[in-house]
Amino acid sequence: QVQLVESGGGSVQSGGSLRLSCTISGFTYSNYCMGWFRRAPGKEREGVAAIASDGNTNYADSVKGRFTISQDNAKNMSYLQMNSLKPEDTAMYYCAAGRRFYSARCLLIHLGFGAWGQGTQVTVSS
C-alpha cells in the first residue's frame with residue numbers, strides 16, 4: 001500500500017521561506033513522477049511542481065524562480081523549498097506520486113498521479 005505523508009507546513013510572513021517534505025512508502029515504480037499540488041479555499045487544485053525519477057523538473061509559471069522541487073531517493077523523500085512566499089501561495093499543499101511512462105515529462109495534472117498525501121497547510125500573511 002502506497003503512503004505519502006507531508007510535513008513542514010506552517011505560517012510565515014510574506015517574503016519568508018518554508019520547506020515541505022514528503023515521505024513515501026510502498027511505491028515500487030522505478031520510473032515515476034513526484035509532484036506537489038495545492039488547493040486554496042474556493043479554488044481548483046493547482047499543480048505546483050513535479051520531478052521525474054531521472055531528475056527532470058517542471059514548475060508552474062506562478063512559482064518559477066521561487067520554488068524548488070527535489071528528491072532523495074535513498075530516503076524515499078520529496079521536498080519543496082518555497083522562497084519569497086506570497087499571500088497568494090496560501091493553500092493546502094499535497095504531495096503526489098505516479099507512474100511515469102518512458103521519458104515523458106511529468107505534467108502538472110492531477111490525473112497523472114495515483115497516490116496522494118493528506119496535505120499540509122501553508123499560510124502566508126502580508
Side-chain angles (χ1 to χ4, degrees):
Q1 183 179 358
V2 180
Q3 287 189 320
L4 290 83
V5 179
E6 303 94 338
S7 62
S11 297
V12 64
Q13 289 190 329
S14 182
S17 298
L18 283 173
R19 187 195 195 204
L20 305 183
S21 300
C22 176
T23 303
I24 308 126
S25 61
F27 193 76
T28 59
Y29 293 113
S30 59
N31 191 19
Y32 59 82
C33 291
M34 298 296 303
W36 287 91
F37 290 74
R38 66 187 181 188
R39 175 173 280 168
K43 294 187 177 181
E44 296 290 324
R45 178 169 37 184
E46 175 190 20
V48 175
I51 185 167
S53 44
D54 61 6
N56 286 328
T57 57
N58 187 15
Y59 294 93
D61 288 342
S62 59
V63 306
K64 280 181 181 177
R66 300 189 299 122
F67 290 12
T68 302
I69 188 171
S70 62
Q71 60 187 349
D72 186 331
N73 293 331
K75 296 182 179 179
N76 292 326
M77 295 193 69
S78 173
Y79 305 98
L80 185 68
Q81 177 67 43
M82 305 185 296
N83 299 327
S84 302
L85 283 162
K86 305 174 182 179
E88 50 264 43
D89 294 318
T90 295
M92 185 71 79
Y93 283 72
Y94 299 90
C95 174
R99 183 180 179 183
R100 181 192 187 204
F101 294 90
Y102 304 105
S103 58
R105 191 182 190 195
C106 294
L107 300 179
L108 299 176
I109 300 173
H110 73 275
L111 291 177
F113 296 83
W116 293 81
Q118 293 299 307
T120 185
Q121 178 68 35
V122 171
T123 303
V124 184
S125 57
S126 58

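Given the structure is predicted, the values throughout are model-derived calculations rather than measurements.
Listed by chain and residue number, nothing satisfies the side chain to side chain donor-acceptor pair (under 3.5 Å) test with Y94 (two or more places apart in sequence, or in another chain). S17 meets the side chain to side chain donor-acceptor pair (under 3.5 Å) test with N83; sequence neighbours excluded. Residues that satisfy the side chain to side chain contact (heavy atoms under 4.5 Å, CB included) test with D72, not counting sequence neighbours, are A74, K75, Y79. With sequence neighbours excluded, the residues forming a side chain to side chain donor-acceptor pair (under 3.5 Å) with N58 are R105, listed by chain and number. E88 is linked by a salt bridge (Lys or Arg N to Asp or Glu O under 4.0 Å) to nothing, counting only residues two or more places apart in sequence or in another chain.
The number of heavy atoms from other shown groups lying within 6.0 Å of CD (Q121) is above 12.
Stacking of R39 on the aromatic ring of W116 is not recorded, the 6.0 Å distance cut-off and the 45° axial limit not both being met.
What you find for L4 and A115 is that their closest heavy atoms are CD1-CB, 3.5 Å. Across all non-hydrogen atoms, the minimal contact from F113 to G98 is CD2-N, 3.8 Å. Between M92 and G119, the shortest heavy-atom contact is SD-C, 3.7 Å. Of all the heavy atoms in P87 and S126, the pair that sits closest is CG-CB, 3.9 Å.
A donor-acceptor pair is defined here as one N or O able to donate and one able to accept, closer than 3.5 Å; such a pair exists between the side chain of E6 and the backbone of Q118.
Taking a cutoff of 4.0 Å between a charged side-chain nitrogen and a carboxylate oxygen, K86 and D89 do not qualify as a salt bridge.
Of the candidates I51, V48, I69, I69 is the only one forming a side-chain contact (heavy atoms from CB on, under 4.5 Å) with Y59.
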Inset, instruction - Given side-chain contact (heavy atoms from CB on, under 4.5 Å), test R38 with V63 step by step and report yes or no. - result: CA-CA 12 Å; R38 66 187 181 188; V63 306; 4.1 Å; yes
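In the hydrophobic clustering of ILVMFWY residues, with side-chain heavy atoms under 4.5 Å counting as a link, L80 and V124 come out together.
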Side-chain atoms of residues 18-37: list all donor-acceptor pairs with protein atoms under 3.5 Å, sequence neighbours left out, distances to 0.1 Å.
from : atom 1 : to   : atom 2 : distance (Å)
N31  : OD1    : S53  : OG     : 3.1
N31  : OD1    : R100 : NH1    : 3.4
N31  : ND2    : R100 : O      : 3.1
N31  : ND2    : Y102 : O      : 2.7
Y32  : OH     : Q71  : OE1    : 3.1
Y32  : OH     : N73  : OD1    : 2.6
W36  : NE1    : S78  : OG     : 3.2

